[in-house]
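When reading the values below, keep in mind they use all heavy atoms of this one structure, side chains included, and skip hydrogens, waters and symmetry mates. Chain letters run A, B, ... following the sequence lines, proteins first, then strands; residues in each count from 1. In this text the structure is predicted, and so the values were computed from the model without any measurement.
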Protein chains: 2
Amino acid sequence: MGITDRRAREKEQRRNDIIDAAERIFFIKGFEEATIDEVAELAELSKGTIYLYFKSKNDLALAINTRGQKKLMLLFRSMLPGCHSGFEKLEGIVRSYIDFFNVYPDYAKLALKFGPFHLDKADQTSMEYAHELENYYTLLFSVFDEGIKDGSINPQVDKKSVISFIWGSILGIMKLQQLGDHEILNRWLDIKAVNNFEYISKMMEQLIKR
Amino acid sequence: MGITDRRAREKEQRRNDIIDAAERIFFIKGFEEATIDEVAELAELSKGTIYLYFKSKNDLALAINTRGQKKLMLLFRSMLPGCHSGFEKLEGIVRSYIDFFNVYPDYAKLALKFGPFHLDKADQTSMEYAHELENYYTLLFSVFDEGIKDGSINPQVDKKSVISFIWGSILGIMKLQQLGDHEILNRWLDIKAVNNFEYISKMMEQLIKR
DNA sequence: ATAGTAAATGACTTATAGTCAGTAAATTAT
DNA sequence: ATAATTTACTGACTATAAGTCATTTACTAT
């Protein structure tokens, strides 16, 4: 059925156009200040149509997050072949992660805004995000296992908890970047310095290197 | 002027009553879902009165955060005398911090919700928060200096950036706790484990211990 | 008592997320 | 080609909640 296919393609295209518009608006004005009417106007559609494709403003934000995750995964995939051990790969991922969110702080901002969201199996946006998340963790843990096999990572450590800790630290660094223009914090802290990879690297060596 | 004093006291009391009510409502329903009308009703005041004392819903949240910071400082002050070196004190502060936000996750949730807020010198709430923040960082850095003097902390490290990194990691751990009930994250990560002090402790030893 | 000041009120305005009955366009059937 | 049907889109409308302000009430001083 050629027509059914074309229709599906067109629908997907529309969906993407809407995400494009939403991304522009949300990134320029910030999530709270952005309005769906503005998104609709930029996408040259009516508000009602936006809600035909996305069930809420949050849902739209989730779709943007999914994009960010996808771009991040591409970055990982392009960087990994240059690494020679599991540990190096893990370092590469962490470094790419931090770099990515420095290059695209708007993605970081939006990603951090959302707490635990309900996973809705009937919702495309929700499922796509879940899928990217699975990809991400699958990669992370397979690289970790690789490191254990090739002897670059200490097999004694508790995988789950140590990855959680490292990952948590990175989250915190992202969060800190956002507070960077705060008058008081900036006087006391050196927020830019946190970005250089030195400390994270030391931490990872200490916690997981063989 | 006894009457002027009493009036000032009563005003401060009212302000506190409003914060009490807001805290109850915000913690039960969450910041977004809570309404000022509900706060007003619980405080047995009209909505207009709330806005006489606080210039916005965000301002109210900031006042609650200030309370959290004050409670935290009390915890620090009670714990510090039991420590015998600057490094131990710093560990104690970090531990208290994490414990506090485990005991009062609502304070953590609200604190993390706010990005960089504008410091408004004409606004009591804003200034009180700024003041608590100053107290906090003053303590943190004085403890660090103490550690350098008594030889428990490596004097070579760059104070500002290393504290920023440790502090950032803690932020991330707080953030991770909030994601704890997320189905996917919970399957891959061990979010509770991050809470035990082991990793942070190792990290601090690695980064700053003499 | 009366004027003057400070505190409190709640109806009103404004803004925006989300809905839905109606319209238009594309597709299929006759 | 035309009608019937399905699919996509529209924008006026509803609901909700933040924030305002003219008016009222309570308190203080003379």
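For residues 10-27 of chain B, proximity to DNA chain D is found at no residue, defined as any non-hydrogen atom under 4.0 angstrom from a strand atom.
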What pairs of nitrogen or oxygen atoms, one from the protein and one from nucleotides 18-20 of chain D, lie under 3.5 Å apart?
unit_1	atom_1	unit_2	atom_2	d
D/dA18	OP1	B/Ala34	O	3.3
D/dA18	OP1	B/Lys57	NZ	3.2
D/dA18	OP2	B/Ile36	N	3.1
D/dA18	N7	B/Lys47	NZ	2.7
D/dG19	OP2	B/Tyr51	OH	2.9
D/dG19	OP2	B/Lys57	N	3.0
D/dG19	N7	B/Lys47	NZ	2.9
D/dG19	O6	B/Lys47	NZ	3.3

Are any protein N/O atoms closer than 3.5 Å to N/O atoms in nucleotides 23-26 of chain C? If there are, list each pair with its distance.
unit_1	atom_1	unit_2	atom_2	d
C/dA26	O3'	A/Arg7	NH2	3.1

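The overall bend of the helix from C/dA1-D/dT30 to C/dT30-D/dA1, read as the angle between its terminal helix axes built from five base pairs each, is 10° when rounded to 10 degrees.
The shortest distance between side-chain heavy atoms of A/Lys175 and A/Leu171 does not fall below 4.5 Å. Contact annotation: the side chain of A/Met203 approaches that of A/Ser169 to within less than 4.5 Å [non-hydrogen atoms, C-beta and beyond]. With a 4.5 Å cut-off on side-chain heavy atoms, B/Leu119 and B/Tyr129 do not count as touching.
For A/Tyr51, there are no ring-ring contact (aromatic ring centres under 6.0 Å, His included) partners, not counting sequence neighbours. Considering only residues two or more places apart in sequence or on other chains, A/Lys159 meets the salt bridge (Lys or Arg N to Asp or Glu O under 4.0 Å) condition with A/Asp145.
Annotation for B/Lys57 and B/Glu32: closest pair NZ-O, 3.4 Å, computed over non-hydrogen atoms. Of all the heavy atoms in A/Ile191 and A/Leu176, the pair that sits closest is CG2-O, 3.6 Å. Taking all atoms of both residues into account, the shortest heavy-atom contact from B/Ile93 to B/Phe76 is O-CE2, 3.4 Å. Listed here is the closest heavy atom pair of B/Leu60 and B/Ile19: CD2-CA, 4.5 Å. Across A/Ile184 and B/Ala130, no two heavy atoms sit closer than the pair CD1-CB, 3.4 Å.
Atom P of nucleotide C/dG10 and atom CG of B/Leu52 are separated by 14 Å, given to the nearest angstrom.
Among the heavy atoms of the strands lying under 4.0 Å from B/Leu45 are primed sugar atoms or P, OP1, OP2 only; no base atom is included. Across all strands, A/Tyr53 comes closer than 4.0 Å only to sugar-phosphate atoms, never to a base (heavy-atom distances).
Side chain to side chain, A/Ser164 and B/Tyr199 fail the donor-acceptor criterion of an N or O pair below 3.5 Å.
The phosphate of D/dC9 has neither OP1 nor OP2 within less than 4.0 Å of any side-chain N or O from A/Thr49.
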Item to check | ring pair (Phe, Tyr, Trp, His ring centres under 6.0 Å) between B/Phe31 and B/Phe114, worked out | outcome: CA-CA 11 Å; B/Phe31 178 74; B/Phe114 290 92; 5.5 Å; yes
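Under a cutoff of 6.0 Å and an axis angle of 45°, A/Lys71 and A/Tyr107 do not form a cation-pi pair.
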